[in-house]
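Below, chains carry the letters A, B, ... as their sequence lines are ordered, and counting in each starts from 1. Below, each value reflects all heavy atoms present in this structure, side chains not excepted, and no hydrogens, waters or symmetry copies.
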Amino acid sequence: MAYQRTGFGEDMKLQTVPNAGAVFGANAPIGLGGLGGSPDGPLNIVHVFWIAGMSCDGCSIAATAATNPSVEDLLLGRIPNLPKVVLHHPVLNPGAGTELMRPMKAAVNGELGAPYVVVLEGSVPDDQAFPTDDGYFSAMGGGGFDPDTETDQPNRVTDWLWKLAPGAAAYVAIGTCATWGGIPAAAGNITGSMSLMDYLGKDYRSALGVPVVNVPGCSPVGDNFIDVVQAVLLFLQGIAPLPKFDDLGRPAWLFTETVHRHCPKAGYYEEGVFAEEPGDNQCLVEIGCWGPVVQCNIVERGAINHMGGCMVAGAACIGCTMPGFPDKYSPFYKAPPGSAISGGMSKMYGGAIRRLRRLSMRKLNREPLWDKTGEVPSPWAEKHKKPTGTDKTMSFFYKKLQYNNSVNQAKRNKKQPIPQSRDILSQKGL
Amino acid sequence: MCFKNLPIEFDSAGNATLKPGAADPYLYTETPVQTPIEDDPEKMRELLERNGHVRRVDFDPVTRVAGALAFHTVVDLDNREVLETASMATLFRGYEIILQGRDPRDAIFISSRACGVCGGVHANASALAIEMAFGISPPPMGVVARNLLQAIEYLYDHPIHLSLLAGPDFSEPAMRDTNPEIWEKALSTRVKGRATHGYEFMSEIMTDLTPLTGKLYLEGLHYTRVAREAYVLIGGKFPHPQTVVPGGVSTTIDTSDLNEIMLRMVQYFDYGRKTIAIWNDICDFFYEVNPKYRDIGTRPKSMLEPGQWDDPYAYDGTYENADDWARERWAPPGVIVDGELVTTSVKMLNAGVEEFVEHAFYEEWVGTTGGPSGSYPFPTDPSGNPLSPYHPWNKQTIPKPGGTSWKEKYSWSTAPRWDRQAMETGAYARIWAAAQAPEFSHARFIEPTGKSLKVDLPKAELPNDLVEWKVPETWGAFERNRGRAYCIMYTAAIAYDNLLIAYDLLRKGGPDARMSVPYKVPKDHRIGVGLWSAGRGYLTHHLEMDNGVLENYQILTPSTWMASPKDPFGNPGPYEEAVMATPLLENYEKPEDFKGIDVLRALRSFDPCMPCTTHIHTDERTISREVVTCACGAEGNHAH
Ligand code: SF4
Ligand code: SF4
């Protein structure tokens with residue numbers, strides 16, 4: 001592997017050991033998982049090669065957070081009708097070194113004997129621009145790719161990526177680095193990093209004819225990724241419909257909507273109420289939220305196990321799922337220019353709407369019984385506001401519209417007798 | 001006097017000054033590394049004649065660690081010893097260059113993406129560096145929210161290491177394959193922790209450590225999620241939190257957030273007790289089977305912890321008061337050299353740091369700027385303490401990808417040293433520094449005794465309320481793992497303490513309960529440093545800004561310290577040193593049987609985390625197109 005010898009005879013080379021890192025035994029099953037699985041479908045086994053390029057490993061970590069389903073659900077064969085899934089993952093693999101690289105080498109050389117999917121996390125550096133063996137920005141495994149000869153230098157990740165491409169059943173880019181280049185490809189980078197699509201080119205199709213599938217996010221929602229894996233596998237087994245992807249290869253059912261549309265603060269936006277400082281509860285657009293123009297489902301799906309999500313916790317959106325991330329959203333914590341127009345309009349229109357709604361709410365916060373008795377039996381407030389003249393007029397017209405062509409519940413309520421045991425404690429003299 | 005090797009002494013008032021007399025106080029002469037065995041015909045001949053079982057054993061990649069680590073060894077299988085080691089970081093992304101020339105407000109979210117295993121720590125360290133430069137600090141609730149985020153994060157981080165990464169090396173299939181005689185013994189060895197974890201025999205624990213099918217493995221995976229659920233309630237997402245902002249956090253906290261966090265946090269009181277019992281039993285069992293297991297991964301007890309979890313009323317964001325507010329932390333700073341706590345000053349910790357690149361894919365920069373005696377940007381820190389030209393604030397790195405050679409350059413990790421010594425860092429260093437802290441301000445659940453650290457959390461379902469980690473006599477892989485297990489409890493105590501403070505602040509309301517302070521990006525020349533640890537230990541972000549733009553941004557991470565290649569003084573990095581000292585206790589007869597489990601146990605005990613280890617710390621001024629031999633161009637070269 002990684003070693004430039006100053007060079008004297010081949011006979012003076014140290015021998016290696018064949019099973020270094022195979023602590024689960026030379027004959028142990030390779031990879032992780034491959035348990036259970038359905039013998040019936042068109043597929044009964046699929047290998048997943050997880051490769052990290054210019055990555056922070058955050059996508060791997062995000063994937064281990066998935067619960068719907070979880071990684072172990074897939075690997076243990078807990079879901080009926082799915083094939084056996086064998087994962088080859090640098091962070092999770094039981095064996096080390098050649099143990100991990102052997103099946104990948106077999107796949108490169110067409111000797112795996114089973115279909116495989118490649119998952120790339122991290123962007124792709126411009127390492128192919130270096131002469132071979134003259135350095136790298138990202139490497140994994142050593143010894144070259146040829147089954148018969150060994151080389152002395154680290155194997156570049158970029159070599160693995162192109163060599164695995166033609167034979168892959170599918171190629172999935174997970175996370176914004178792999179899908180759109182992300183931070184390693186941001187302004188000022190010196191590694192020439194790019195996305196998987198940029199690297200493989202626009203004509204790439206997998207062995208099954210599928211272009212690169214993109215599951216973006218920095219870091220992505222783990223459930224989004226495993227959901228896509230499950231959807232594709234169920235389709236291949238002839239159970240679920242063909243999953244729909246948008247024109248950039250994103251799963252359409254996850255990434256069509258903007259995050260703003262499902263944001264818990266969207267109502268604030270509509271009523272024109274905005275947070276002034278981080279930590280305020282209202283819409284975050286003025287402290288730098290790009291949600292209205294960002295395709296992301298994190299507030300709807302939750303970050304983990306349906307919990308959290310950026311705005312749910314009070315965080316502004318910086319567009320981390322988008323091809324323009326990060327430079328097109330920089331500087332962070334500054335209101336996007338577009339928000340001056342839309343936010344300004346919503347302040348005008350939303351301000352009026354908000355006032356009307358507060359009026360309605362004063363009425364809606366009262367039981368019909370209290371309307372009749374004119375009293376609110378709650379000591380939580382010292383004095384409860386009585387309906388004003390405006391309230392009464394509003395309410396009159398409101399009821400007219402509301403009950404038009406239907407039954408007037410207000411009238412019926414007027415006829416209800418006041419319960420006799422109302423205010424029981426004072427009746428009992430307590 | 002904490003420095004033995006650096007040219008720094010202290011005057012009668014305790015101020016650090018340069019030793020007088022030396023023209024080039026930081027100058028050194030490089031000690032070349034020993035010629036690699038395979039490059040030395042004499043040595044090779046001798047070895048091959050002596051026995052046929054000297055082998056090159058490479059682990060590329062080392063799996064069950066985060067990120068890209070490859071490890072080279074030459075082993076003598078007959079004498080069961082390691083003859084040569086080289087630790088290689090095999091990824092470089094250049095985050096610091098990407099940060100240069102940016103609005104400083106971008107730094108938190110961009111640097112957070114340096115590491116996806118514990119991204120939140122970078123967000124916090126970056127926020128501290130920015131706050132120092134901007135001259136602001138968060139209101140108490142902002143500090144408490146950050147503390148909560150970081151403490152909760154470790155409740156995910158420690159279990160992921162112990163269960164998913166390190167645990168499998170002690171599992172039934174690994175034991176059967178590498179040391180079947182020990183597995184036999186485990187079948188009949190009763191363990192002490194039964195009342196806590198429920199296992200009667202060692203073998204049952206080993207069976208349940210098995211990847212994917214073992215109960216302890218799956219339970220660990222589950223607990224990595226419980227903590228992350230709590231995290232995203234106030235962080236928005238994980239691993240890259242979306243709520244850390246300059247001057248505080250943008251989190252909206254209400255009582256139900258705190259209640260939901262509490263519900264999850266308290267589950268770790270019992271999980272922590274159980275994990276401690278498991279790892280105590282593992283250590284006891286192996287030490288009993290063969291005392292040489294104490295030597296797996298052993299090296300000097302020299303380690304660093306810059307501290308973390310600020311006191312909400314002490315932290316003021318200034319460098320001037322850094323020693324004071326850092327000592328008020330739940331994890332106080334400390335430098336331990338050969339088992340002795342030599343300083344608790346973060347400024348001395350900072351002043352002792354240097355980075356060397358003789359064996360990394362970068363070019364020397366000090367020589368190109370006039371030598372150590374020549375002028376360099378920061379001869380002292382803002383308080384007047386001497387800094388080396390090799391200090392991160394002065395660092396100008398010139399990346400130079402190239403072929404790998406054990407004698408020359410073989411890693412993308414630099415070689416950081418403190419007082420010119422290799423240091424390790426991590427969860428165990430954190431409790432070690434806390435256990436020996438001369439003063440400790442947060443005694444509600446945690447009590448340092450000098451020789452141990454006691455954690456006394458409310459009872460959940462299990463007995464054994466008080467747990468006590470004792471400063472270990474011997475140091476190696478097993479003690480690292482044991483220390484990490486205790487850290488679940490220690491961190492749960494910090495999380496719980498901060499949660500109670502958050503409730504209290506919520507109750508009181510007022511300005512202390514605000515989440516952030518307003519600020520303006522300053523336009524003059526400023527520097528800052530975020531001295532705030534990660535789960536795996538030492539972390540600093542050093543920045544320099546002018547005109548509202550970042551001029552220099554440097555991240556120094558725990559695994560850079562530990563995965564480091566050799567230094568110019570001829571000393572190996574901690575991984576290299578620890579593996580060199582590892583006896584090969586694996587059961588093998590022929591080279592074909594050898595798997596290297598003891599080497600892997602030694603490596604994994606450090607909890608390597610490579611993603612953020614490998615980036616460059618650079619000054620834009622020195623990057624030129626010529627040094628980047630690829631055609632990608634060095635766009636970092638634009639002027640500002
Ligand atoms: S916080 Fe962002 S996503 Fe939510 S409503 Fe406001 S602008 Fe839209
Ligand atoms: S809401 Fe924005 S910042 Fe949050 S995950 Fe979605 S795209 Fe990223």
Between chain A and each of B:Gly235, B:Ala86, B:Pro591, count heavy-atom pairs under 4.5 Å; write down the option with the most.
B:Pro591
Please classify the contact between A:Val312 and chain B as side chain, backbone, both or neither, with a heavy-atom cut-off of under 4.5 Å.
backbone
Any salt bridge between B:Arg225 and A:Glu72, counting N to O under 4.0 Å?
yes
From B:Ser516 OG over to A:Asp280 CG, what is the distance, rounded to the nearest 0.5 angstrom?
7.5 Å
Taking C-beta and beyond as the side chain, do B:Asp60 and A:Asn155 meet within less than 4.5 Å on heavy atoms?
no
For chain A, which candidate among B:Leu165, B:Leu164, B:Leu221 shows the most heavy-atom pairs at distances under 4.5 Å?
B:Leu221
Below 4.5 Å, heavy-atom pairs only: which of B:Asp177, B:Val75, B:Val599 has the largest tally toward chain A?
B:Asp177
Which atoms of B:Asp169 approach chain A - backbone, side chain, both or neither, heavy atom under 4.5 Å
side chain
Could you tell me which portion of B:Arg601 (side chain, backbone, both or neither) has an atom closer than 4.5 angstrom to a non-hydrogen atom of chain A?
neither
Heavy-atom pairs under 4.5 Å with chain A: which of B:Ile253, B:Leu233, B:Val62 has the most?
B:Leu233
Grab the two heavy atoms, one from A:Gly21 and one from B:Leu600, that are nearest each other, plus how far apart they are.
CA-CD1, 4.0 Å
Is a side-chain N or O of B:Arg55 found less than 3.5 angstrom from the main chain of A:Leu14, in a donor-acceptor match?
no
Less than 4.5 Å apart, any side-chain heavy atom of A:Leu35 and any of B:Thr213?
yes
Where does A:Met307 contact chain B at under 4.5 Å (heavy atoms): side chain, backbone, both or neither?
both
Contact leader toward chain A among B:Arg176, B:Glu172, B:Gln242, where contacts are heavy-atom pairs under 4.5 Å:
B:Gln242
Evaluate the side-chain proximity of B:Phe594 to A:Asn19: yes if any heavy-atom separation is below 4.5 Å, no if none is.
no
What residues, two or more places apart in sequence or in another chain, satisfy side-chain contact (heavy atoms from CB on, under 4.5 Å) together with B:Ala107?
B:Leu99, B:Ser126, B:Ile130, B:Leu550, B:Tyr553
Say whether, by atom type as modelled, one donor and one acceptor occur between the side chain of B:Thr63 and the main chain of A:Gly95 under 3.5 angstrom.
yes
Would you mind checking which part of A:Ala22 comes under 4.5 Å of any heavy atom in chain B, side chain (CB onward), backbone (N, CA, C, O), both or neither?
both
Most heavy-atom pairs under 4.5 angstrom with chain A, which of B:Glu260, B:Glu592, B:Met175?
B:Glu592
Scanning both residues in full, the closest heavy-atom pair of B:Pro239 with A:Ser219 reads CD-OG, 2.9 Å
Tell me, for B:Val74 versus chain A, whether the close heavy atoms (under 4.5 Å) come from the side chain, the backbone, both or neither.
side chain
Would you confirm whether B:Asp106, through its side chain, and A:Phe332, through its main-chain N or O, come within 3.5 Å as a donor-acceptor pair?
yes
Tell me, for A:Thr67 versus chain B, whether the close heavy atoms (under 4.5 Å) come from the side chain, the backbone, both or neither.
side chain
Segment of B:Val245 engaging chain A (4.5 angstrom heavy-atom cut-off):
both
Is the closest side-chain heavy-atom distance between B:Arg228 and A:Thr64 below 4.5 Å?
yes
Mind checking what makes ring pair (Phe, Tyr, Trp, His ring centres under 6.0 Å) contact with B:Tyr410, not counting sequence neighbours?
B:Trp406
So SG of A:Cys56 and OH of B:Tyr95: to nearest 0.5 Å the spacing works out to 6.0 Å
Any A:Leu32 side-chain heavy atom under 4.5 Å of B:Leu212 side chain
yes
Give a yes or no on whether the backbone of B:Arg56 and the side-chain of A:Thr16 come within a donor-acceptor separation of less than 3.5 Å.
no
Which heavy atom of B:Thr178 sits nearest a heavy atom of A:Val23, and at what distance?
CG2-O, 3.9 Å
Would you call B:Met515 and A:Pro278 a side-chain contact if the rule is heavy atoms closer than 4.5 Å?
no
Most heavy-atom pairs under 4.5 Å with chain B, out of A:Pro326, A:Pro18, A:Gly182, A:Gly309, belong to A:Gly309
Does B:Arg113 use its side chain to pair, donor to acceptor, with the backbone of A:Cys218 at less than 3.5 Å?
yes
Nearest heavy atoms of A:Cys310 and B:Lys237, plus distance in Å
SG-CD, 3.4 Å
With rounding to the nearest 0.5 angstrom, report the CD1 to CZ distance, A:Ile183 to B:Phe109.
10.5 Å
Please state whether the side chain, the backbone, both or neither of B:Tyr231 comes within less than 4.5 Å of a heavy atom of chain A.
neither
Between A:Pro331 and chain B, with a heavy-atom cut-off of 4.5 Å, which part of the residue counts as in contact: side chain, backbone, both or neither?
both
Smallest separation among heavy atoms of A:Ala313 and B:Ile234, with atom names:
CB-C, 4.0 Å
At their closest point, which heavy atom of B:Ile98 faces which heavy atom of A:Ala186, and how far apart are they?
CG2-CB, 4.0 Å
Given 3.5 Å as the limit, does a donor-acceptor pair link the side chain of B:Ser250 with the main chain of A:Gly314, or not?
yes
Who wins among A:Val221, A:Val299, A:Asp127, A:Asp327 for the most heavy-atom pairs under 4.5 Å with chain B?
A:Asp327
Side chain, backbone, both or neither: which part of A:Leu75 has an atom under 4.5 Å from a heavy atom of chain B?
both
Checking side chain to side chain contact (heavy atoms under 4.5 Å, CB included) for the pair B:Ser171/A:Phe24: CA distance, chi angles, key distance, verdict?
CA-CA 9 Å; B:Ser171 68; A:Phe24 282 62; 3.6 Å; yes
Flag side-chain contact, heavy atom, 4.5 Å: B:His240 against A:Cys320:
no
Proximity breakdown for B:Leu69 and chain A, heavy-atom pairs closer than 4.5 Å
neither
Centre-to-centre under 6.0 Å for B:Tyr519 and A:Tyr333, is that the case here?
no
Measure distances from A:Ile318 to the heavy atoms of chain B and classify the residue's part below 4.5 Å as side chain, backbone, both or neither.
both
Examine whether an atom of A:Ala275 lies under 4.5 Å from a heavy atom of chain B, and if so say whether it belongs to the side chain, the backbone or both; otherwise answer neither.
neither
Would you check if B:Ile160 and A:Ile61 make a side-chain contact, meaning some heavy-atom pair closer than 4.5 Å?
yes
Quick one: which of A:Ala65, A:Pro184, A:Ala52, A:Ser70 has the most heavy-atom pairs under 4.5 Å with chain B, could you say?
A:Ala65
